[in-house]
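Both counts, for ligands and for their atoms, begin at 1 and track the order of listing. Note that these values count all heavy atoms, side chains included, but never hydrogens, waters or copies made by symmetry.
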Amino acid sequence: MKILVLNGPNLNLLGTREPELYGANTLDDVHALCTQTSRALGFEADCFQSNHEGELIDKIHAYGKMHKEGLALGAVFNPGALTHTSVALHDAIKGCGLPVIEVHISNVHARESFRHHSFISPVARGTVIGLGIHGYELAIRGLVAVSQ
Ligand code: DQA
């Protein structure tokens, strides 16, 4: 049974991008943490990052289908800046019924006002915000807990 770990635009730059906000860990570190956490709970993490909205939508659709078939539990998703702009990602999650935990490394509510609104939160099962990369581990644990 799989858990999708999905990261959107610019998260490939983790480790070098604004480290005072996002920390020193890289996306590979995030993937290792998610792989380890999922395995410890009896699941297999599938880690994917894209800078392209359409590729994220395709992945959500594929996992929505897998969820219906009993092959995937859900997704942990950091949509990056698309959080604040993408009706298409909102519709994709709503349309395919994939359980999603939304993650943000930084506390978006303590930042610029354009980061305060999320198009993803209304269709997410839950959110984890502002806890650094620990948020990914907590989101996986939360997804498993609410799915049982
Ligand atoms: C982010 C917050 C977003 O506002 C920003 O555009 C990102 C990262 C976070 O993890 O804190 O790219 O999603």
Dump all N/O pairs between ligand 1 and the protein below 3.5 Å as a table: atom names plus distance, one pair per row.
unit_1, atom_1, unit_2, atom_2, d
ligand 1, 4 (O), His84, NE2, 2.7
ligand 1, 4 (O), Arg115, NH1, 2.9
ligand 1, 6 (O), Ala81, N, 3.2
ligand 1, 6 (O), Arg115, NH1, 3.1
ligand 1, 10 (O), Asn78, ND2, 2.8
ligand 1, 10 (O), Ile105, N, 2.8
ligand 1, 11 (O), Ile105, N, 3.3
ligand 1, 11 (O), Ser106, N, 2.9
ligand 1, 11 (O), Ser106, OG, 2.6
ligand 1, 12 (O), Arg17, NH1, 3.2
ligand 1, 12 (O), Arg17, NH2, 3.0
ligand 1, 13 (O), Asn78, OD1, 2.8
ligand 1, 13 (O), His104, ND1, 2.8

List the atom pairs, with distances to 0.1 Å, where a side-chain N or O of residues 52-61 and a protein N or O form a donor-acceptor pair under 3.5 Å, not counting sequence neighbours.
unit_1, atom_1, unit_2, atom_2, d
Glu53, OE2, Ser86, OG, 2.5
Glu55, OE1, Ser50, OG, 2.7

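Taking the six-membered ring for Trp and the full ring otherwise, the centers of His134 and Tyr136 sit at least 6.0 Å from each other.
Screening residues 62-82 for salt bridge (Lys or Arg N to Asp or Glu O under 4.0 Å) gives Lys65-Glu69 as the qualifying pairs, with residues at least two apart or on separate chains. Within the structure, salt bridge (Lys or Arg N to Asp or Glu O under 4.0 Å) pairs that include any residue of residues 135-148 comprise Glu137-Arg141 (at least two apart or interchain).
Within a 6.0 Å radius of CD in Gln36, other residues, nucleotides and ligands contribute 12 heavy atoms or fewer.
At a threshold of 4.5 Å between non-hydrogen side-chain atoms, the residues Gln49 and Leu27 count as touching.
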